[in-house]
Amino acid sequence: MILLLAVAAGLLAGLARAGIKKKPYREPELSWLWLVILAVAPQLLAFHISATAGWFSDRWASAILVASQLALLGFVWVNRRLTGMKILGLGLVLNLLVISLNNGLMPLTPQTAGALFPELPASTWVTGLRPGRSKNIILPLSETRLAFLSDTILLPAWFPWTRALSAGDLLIALGIFWLLAVEAPLDPVPDQAGNEPSHQS
């Protein structure tokens, strides 16, 4: 998943920045982290864990996806002082917008689906189909609202995970990277009196 790559790249860049400045690396201080767990857990059950994904109808899956996006936006709003969160939030808004206008799932054209799975016949991609237990819905370009915000960005064939991304996905990844690489505080943690610990040579 590209978000995992964003986390890994952000951490590596943040650690490198801390090493150059010879200061300890600390993750950004975020409020209401529990809201992220509340938002992500239903998505894991509905889309990513094969043992549980079958429990959810397409209608429930779409409702979970929209509700999850709203919960994540709540988390972003609480932490909106951070530039990375603003970037991430913009990505979430774009994804939520296109998902909400297209039956609660992320549109994927038959042409894009065919490029992702060239071994399958074109007849596989029926309009309105939700492929497997994915977050996508097959819709022709002419029937897709705000098609330019849907999963139209194809990554190279050698990429090991999800290869069709939206503009919102890229902004979310950029926001995560920015948070970990640029906005992670490098100053020592103050003591209870608000004083920074002294450094002994």
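Positions are given from 1 along the sequence.
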| task | Looking only at non-hydrogen atoms, find the nearest pair between Gly89 and Val76 and report the distance. | result | CA-CG1, 3.7 Å

| field | Nearest-0.5 Å distance, CG of residue Leu94 to CG of residue Leu149 | value | 5.5 Å

| task | Measure the shortest side-chain to side-chain distance between Ile87 and Phe177 over non-hydrogen atoms and say whether it is less than 4.5 angstrom. | result | no

| Chi angles and distances behind the side chain to side chain contact (heavy atoms under 4.5 Å, CB included) call for Leu180, Tyr25 | CA-CA 10 Å; Leu180 298 175; Tyr25 175 84; 3.8 Å; yes

| request: Check the hydrophobic clustering (I, L, V, M, F, W, Y; side-chain heavy atoms under 4.5 Å; chains of links allowed) and say if Leu105 and Leu92 are grouped together. | output: yes

| Is the shortest heavy-atom distance from the side chain of Leu108 to the side chain of Ile137 under 4.5 Å? | no

| CD on Glu183 to OG1 on Thr83, rounded to 0.5 Å | 4.5 Å

| For Leu165, does its backbone N or O pair with a side-chain atom of Asp169 as donor and acceptor, under 3.5 Å? | no

| task | For the pair Thr109 and Leu139, evaluate side chain to side chain contact (heavy atoms under 4.5 Å, CB included) and give the outcome as yes or no after the intermediate values. | result | CA-CA 5 Å; Thr109 66; Leu139 287 176; over 6 Å; no

| Non-neighbouring partners of Ser68 that pass side chain to side chain donor-acceptor pair (under 3.5 Å), sequence neighbours left out | Gln43

| query | Are Leu155 and Val7 linked, directly or through other ILVMFWY residues, by side chains that come within less than 4.5 angstrom of each other? | reply | yes

| field | Reported CH2-to-CD1 distance for the pair Trp55 and Ile49, which is rounded to 0.5 angstrom | value | 8.5 Å

| Is the closest side-chain heavy-atom distance between Asn136 and Pro107 below 4.5 Å? | no

| Quick one: CH2 on Trp34 to CZ on Phe75, what's the gap to the nearest 0.5 Å? | 11.0 Å

| field | Minimal non-hydrogen separation, Asn102 against Val98, with atom names | value | ND2-O, 2.7 Å

| Has the side chain of Arg133 got a donor or acceptor atom that lies under 3.5 Å from a matching backbone atom of His48? | no

| Contact summary for Ile153 and Ala167, nearest pair of heavy atoms | CD1-N, 3.9 Å

| task | May I ask you to decide if Ala63's main-chain N or O and Arg59's side chain share a donor-acceptor pair within less than 3.5 Å? | result | no

| said: Please report the interatomic distance CZ(Arg163) to CG(Asp151), rounded to the nearest 0.5 Å. | reply: 12.5 Å

| query | Is a side-chain N or O of Glu27 found less than 3.5 angstrom from the main chain of Ala184, in a donor-acceptor match? | reply | no

| query | Is Leu174 reachable from Leu97 through a run of hydrophobic residues whose side-chain heavy atoms are each under 4.5 Å from the next? | reply | yes

| task | Could you tell me whether a side-chain N or O of Gln69 sits under 3.5 Å from a main-chain N or O of Asn95, the two making a donor and an acceptor? | result | no

| task | Grab the two heavy atoms, one from Ala18 and one from Pro24, that are nearest each other, plus how far apart they are. | result | CB-C, 4.3 Å

| said: Could you report the tightest heavy-atom contact between Ala164 and Thr112, atom names first, then the distance? | reply: CB-CG2, 4.3 Å

| query | Is there side-chain contact between Leu171 and Leu88, with at least one heavy-atom pair below 4.5 Å? | reply | no

| When clusters are formed by joining ILVMFWY residues with side-chain heavy atoms under 4.5 Å apart, either directly or through shared neighbours, do Leu3 and Leu170 land in the same one? | yes

| field | Gap between atom CG of Leu45 and atom CD1 of Ile64 - 0.5 Å precision | value | 7.5 Å

| remark: Between Ser31 and Val78, the two heavy atoms sitting closest are CB-CG1, 3.7 Å

| message | Quick check on the hydrophobic clustering: are Ile138 and Leu146 connected, directly or via other members, by side-chain heavy-atom contacts under 4.5 Å? | response | no

| message | Main chain of Leu30, side chain of Asn79: is a donor-acceptor contact present, judged purely on distance under 3.5 Å? | response | no

| field | Side chain Arg80, main chain Met85, donor-acceptor under 3.5 Å | value | no

| task | Would you check if Gln111 and Trp125 make a side-chain contact, meaning some heavy-atom pair closer than 4.5 Å? | result | no

| task | Using atom types as modelled and distance alone, determine if a side-chain donor or acceptor of Thr124 lies under 3.5 Å from a backbone N or O of Leu120. | result | no

| Hey, is the main chain of Thr152 close enough, under 3.5 Å, to the side chain of Ser150 for a donor-acceptor pair? | no

| field | Flag, side chain of Ser62 to backbone of Gly104, donor-acceptor distance under 3.5 Å | value | no

